[in-house]
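First up is the structure itself, then whatever we jot down about it.
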Amino acid sequence: MVEISLNTGVRKEVPAGTPFMALLEELPEEMRRDAVAVKVNGRIFDLRQAVTDGGEVEIVTGGSEEALDILGHSTAHLMALAVMELFGDVKFAIGPSIEDGFYYDFLLERTFTPEDVAAIEKRMRTLRDEGNLEFVREDMPKDEAIKLFTGLGQTFKVELLNDLEAETVSIYRLGGFTDLCSGPHVPDIKMVRAFKLLSTAGAYWRGDEKREMLQRIYGTAFFSEEDLSKDLTRREEAKRRDHRILGPQLGLFDIKEEAGGGLVFWYPKGYILREIIETYWKAEHRKAGYDVILTPHIARSELWKASGHYEYYRENMYIIQGEGQELVLKPMNCPAHILIYKSKLHSYRDLPVRYAELGTVYRNERSGTLHGLLRVRGFTQDDAHIFCTPEQLLEEVESCFEFAHQLLTSFGFDNYKVELSVHDPDQMEKYAGTEEDWQKAEASLLAAIEKRDIPFRKIIGEAVFYGPKIDLKLIDAIGRGWQATTIQFDFNLPRRFDIVYVTSEGKREYVYMIHRALLGSLERFIGTLTEHYAGEFPMWLAPVQAILLPIGLEHHDYVRSCLEKVRAAGIRAEADLREEKIGYRIREAELQKIPYMLVAGSKEMEEGTFDVRSKARGRLGAKKIDEIIAELVDEIDTKA
RNA sequence: GCUGGUGUAGCUCAGCUGGUAGAGCAACGCACUCGUAAUGCGUAGGUCAACGGUUCGAAUCCGUUCACCAGCUCCA
């Protein structure tokens with residue numbers, strides 16, 4: 001007998017071997033129906049599995065993340081069964097649940113067409129409704145499982161098994177489909193109620209480009225049709241916000257085939273947006289104690305040999321031939337900043353030195369990785385390098401973090417996720433710097449995060465070879481994450497360039513170097529901003545803040561004189577004087593997502609007013625022109 | 001870079017199994033002089049991504065290249 005207590009408050013003693021399902025019998029009907037799995041002492045189990053140890057049993061129900069995870073995984077198995085039935089000779093790779101749904105990777109001759117996917121989805125529903133299916137779990141010794149999957153010709157599963165440390169493994173059967181799987185799965189296949197297969201894509205076996213290319217099918221699954229339709233709506237919403245569509249549509253930016261992939265053309269309106277960001281950025285950096293600098297776009301390859309980029313980053317660099325010498329189009333700003341630092345000998349009294357640059361860099365990114373503004377070949381980093389003493393480390397990291405927070409929130413990003421990437425102590429040989437350096441740096445990064453008392457994820461082994469880092473991922477208006485801020489230590493370059501400072505004892509020591517980009521790159525940041533606001537930028541960022549619309553010809557002079565006044569107040573305003581119907585011009589202004597439309601006919605002209613139509617709040621009624629100007633200026637100044 | 005898909009007028013797209021291209025919007029012209037998300041009529045606009053091949057004949061079939069999309073990988 002073991003003693004267990006349910007998180008509903010029930011305590012009882014049951015014989016070991018009782019299925020968890022039996023524990024639920026006394027619970028209210030709706031709770032039982034909702035139960036997907038149980039968690040005992042942090043481990044998650046199927047309802048069909050048996051109680052072995054006593055302890056706290058937490059019931060995982062439909063609403064939770066974990067339940068969705070299980071559902072996605074179960075749906076992936078059902079999909080695999082459907083694929084097996086429809087296409088026969090299939091090798092199965094893996095089929096996990098992911099943040100955004102689930103997928104399964106298959107190896108087969110045929111390439112899936114959209115019709116195939118529809119057929120698979122249909123078969124899944126038939127199997128669910130008529131197949132009388134159940135997930136059946138079976139534990140077996142590893143070598144037995146190897147025999148089983150070898151017999152089935154499932155070589156990927158055999159490979160996975162061979163790499164597993166465990167003595168005993170579990171398999172799950174669903175109809176004729178047998179999978180190596182630790183589970184758990186939903187207790188009833190009928191729970192796979194609301195799902196949709198979304199897309200197909202290629203994926204390498206184990207993410208290794210030297211291995212087999214598999215076919216992946218992505219899908220999404222929920223416990224109710226309502227949740228599914230919400231998710232599908234969210235995906236539609238994401239499409240509506242796509243900066244690659246909005247950019248050209250709003251006259252912000254575009255990428256030209258004639259120039260090549262990953263190279264951005266900033267149109268007049270997009271450049272206004274960019275210029276506002278740059279101006280604000282520079283002003284804030286000076287306030288925060290940075291010196292703003294500018295360095296060349298190309299430099300002799302010797303510089304890149306010294307930094308190590310020439311050897312280790314070569315495939316990403318554009319190398320050009322000059323007059324008898326080789327030049328590199330800069331992929332990073334750090335060596336240039338170091339040259340400025342090295343222009344004189346620094347004492348500990350000078351530190352920290354903070355050099356900031358809106359540094360435009362070029363990297364030869366692989367063609368398949370290019371993606372709108374989010375992944376380009378030429379981009380401007382909002383870069384800075386901080387040179388400091390070990391004692392200053394913590395304070396500098398803290399102020400970087402604070403600065404990033406301040407910048408991001410002023411652009412409307414109130415939420416972000418924090419990731420701390422640290423070294424893997426077992427692989428010290430692949431890192432630059434000493435264990436002591438790493439300990440010190442990681443401790444200060446950690447302290448800076450903890451001081452802010454916010455949740456974060458620590459990822460061991462994710463640090464780059466030259467130092468640990470903090471990354472901030474912005475969460476946008478519809479909950480998606482975007483890489484922005486990165487604060488990184490560098491133990492490599494100070495040694496390579498021999499950059500030092502003189503201590504109070506008169507000794508020369510290597511400086512500590514922090515590399516940080518707060519917005520990330522202007523391109524990516526503006527892409528992210530565009531999607532966050534769906535192109536409806538707040539007043540201080542909107543390229544056109546107001547448009548003046550006369551009803552008819554006789555109101556043109558009035559509108560012209562008011563336009564001058566509005567512009568004189570520093571508002572970016574235009575007038576649409578075309579001889580089109582007012583409805584037509586309003587529609588165009590709406591589609592251009594201009595925050596304010598100021599409409600004037602005879603009545604307004606007489607009274608010195610405009611009828612104000614706000615993109616966000618609709619028609620606000622007539623107001624005196626001076627009053628309107630004051631309100632708009634206030635909205636701009638408060639960055640609302 | 002890899003897998004799959006796509007590339008037709010400024011934009012969104014139609015064009016079946018090969019017989020040298022069509023719509024809507026935009027542009028331009030004319031008429032209308034207009035009150036809060038599209039007034040009507042007309043005109044012009046394309047070496048069908050580029051190059052090569054098959055064919056009597058290619059937007060359509062094949063090959064190569066470029067670009068884009070969904071991913072893999074990579075990353076600001």
Side-chain angles (χ1 to χ4, degrees), chain A residues 103 105 107 110-114 198-218 239 242 244-245 248-249 254-263 313 315-316 331-333 359-361 363-383 464 469 471-472 482-486 488 515-525 527-528 549-556 578-592 597-604 610-615 618-622:
Chain A
Y103 68 81
D105 285 346
L107 182 69
R110 184 193 183 90
T111 52
F112 292 128
T113 63
L198 296 171
S199 59
T200 58
Y204 299 107
W205 168 234
R206 299 190 143 182
D208 182 345
E209 60 186 278
K210 293 188 185 64
R211 302 296 303 269
E212 295 89 333
M213 174 59 77
L214 310 168
Q215 293 190 64
R216 176 173 295 181
I217 302 179
Y218 284 96
K239 273 190 208 156
D242 193 330
R244 294 167 301 180
I245 310 291
Q249 224 164 53
D254 203 358
I255 290 169
K256 300 283 171 191
E257 184 170 346
E258 294 90 323
L263 300 167
Y313 202 70
E315 67 209 36
N316 283 300
M332 297 193 184
N333 301 302
T360 303
V361 296
R363 297 181 187 172
N364 185 16
E365 301 291 348
R366 299 162 112 191
S367 59
T369 66
L370 302 176
H371 182 89
L373 293 193
L374 303 181
R375 187 117 191 113
V376 291
R377 291 200 171 122
F379 57 100
T380 302
Q381 290 181 305
D382 71 313
D383 209 356
V464 270
K469 61 173 181 175
D471 287 323
L472 303 191
W482 306 80
Q483 172 70 44
T485 305
T486 184
Q488 314 188 338
H515 171 112
R516 44 111 289 191
L518 303 184
L519 307 179
S521 81
L522 290 181
E523 284 72 11
R524 177 179 288 177
F525 189 71
T528 305
L549 304 170
I551 296 286
L553 270 175
E554 63 273 28
H555 316 119
H556 279 200
R578 289 177 303 173
E579 292 177 36
E580 293 287 353
K581 287 182 75 175
I582 188 68
Y584 178 87
R585 285 173 290 150
I586 284 175
R587 181 183 148 80
E588 289 229 320
E590 284 284 347
L591 292 176
Q592 283 299 303
M597 284 171 242
L598 307 177
V599 182
S602 303
K603 187 164 140 270
E604 289 79 8
F610 275 86
D611 196 0
V612 181
R613 184 183 160 113
S614 144
K615 174 102 185 87
R619 204 167 160 178
L620 302 178

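Letters A, B, ... mirror the listed sequences (proteins, then strands); counts begin at 1.
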For B:rA23, the Watson-Crick or wobble partner whose two distances fall under 3.5 Å: B:rU12

Hits for side chain to side chain contact (heavy atoms under 4.5 Å, CB included) against A:S521, two or more places apart or cross-chain, chain-then-number order -> A:F379, A:E523, A:R524

Where the side chain of A:T369 is defined as all heavy atoms beyond and including C-beta, which of B:rU3, B:rA70, B:rG1 is the nearest nucleotide? B:rG1

Please state whether the base of B:rG1 and the side chain of A:Y204 form at least one donor-acceptor pair under 3.5 Å? yes

Give a yes or no answer on whether the side chain of A:Q592 reaches the backbone of A:R587 with a donor-acceptor pair at less than 3.5 Å. no

Counterpart residues, salt bridge (Lys or Arg N to Asp or Glu O under 4.0 Å), relative to A:E554 (two or more places apart): none

So, is A:R244 close to the B:rC69 phosphate, meaning a side-chain N or O under 4.0 Å from OP1 or OP2? yes

Could you please name the option among B:rA37, B:rA70, B:rA76 that lies closest to any side-chain atom of A:I586? B:rA37

Could you check which nucleotide pairs with B:rG40 in any of the strands shown, counting Watson-Crick or G-U wobble with both distances under 3.5 Å? B:rC30

Would you classify A:G262 as touching base, sugar-phosphate or nothing, given that sugar-phosphate means primed atoms plus P, OP1 and OP2, and contacts are heavy atoms under 4.0 Å? sugar-phosphate

Under 3.5 Å, N/O pairs linking protein and nucleotides 27-35 of chain B:
from, atom 1, to, atom 2, distance (Å)
B:rU33, N3, A:E579, OE1, 3.2
B:rU33, O4, A:E579, OE1, 2.6
B:rC34, N4, A:E579, O, 3.4
B:rG35, O6, A:S602, N, 3.0
B:rG35, N1, A:E604, OE1, 2.9
B:rG35, N2, A:E604, OE1, 3.3
B:rG35, N2, A:E604, OE2, 2.5

Salt bridge (Lys or Arg N to Asp or Glu O under 4.0 Å) partners for A:R366, two or more places apart: A:E209

Is there a donor and acceptor pair closer than 3.5 Å between the side chain of A:R366 and the base of B:rC72? no

Grab the two heavy atoms, one from A:R244 and one from A:G372, that are nearest each other, plus how far apart they are. CG-CA, 3.6 Å

If you compare every side-chain N and O of A:R587 against the phosphate oxygens of B:rU39 (OP1, OP2), does one of them come in below 4.0 Å? no

Tell me what A:V376 touches on the nucleic acid: a base, only sugar-phosphate, or nothing, going by heavy atoms under 4.0 Å. base

Is any N or O donor-acceptor pair between the side chain of A:R216 and the base of B:rU3 shorter than 3.5 Å? no

Distance check, P atoms only: B:rU12 and B:rG53, in whole angstrom units. 32 Å

Checking only heavy atoms, does the side chain of A:S199 share a donor-acceptor pair with the base of B:rA70 at less than 3.5 Å? no

Touch class at under 4.0 angstrom, heavy-atom based, for A:F525 against every strand present: nothing

Distance, P atom - from B:rG22 to B:rU47, rounded to whole angstrom: 15 Å

According to the Watson-Crick and G-U wobble definitions, with both distances under 3.5 Å, which nucleotide is paired to B:rU6? B:rA67

Test side chain to side chain contact (heavy atoms under 4.5 Å, CB included) applied to A:E365 - qualifying residues, sequence neighbours left out: A:N316, A:R363, A:T369, A:L370, A:R375, A:R377

Does A:R585 reach the main-chain N or O of A:E580 with its side chain, forming a donor-acceptor pair under 3.5 Å? yes

Output the single nucleotide from B:rA37, B:rU3, B:rC68 whose closest atom is nearest the side chain of A:I255. B:rC68

Identify, with sequence neighbours excluded, every residue that meets side chain to side chain donor-acceptor pair (under 3.5 Å) alongside A:Q381. A:N333

Report yes if at least one side-chain N or O of A:H371 is closer than 4.0 Å to OP1 or OP2 of B:rA70; otherwise report no. yes

Distance criterion of 3.5 Å, no angle test: do you see the side chain of A:E257 paired donor-to-acceptor with the base of B:rA67? no

Identity of whatever pairs with B:rG57 - Watson-Crick or G-U, under 3.5 angstrom: none

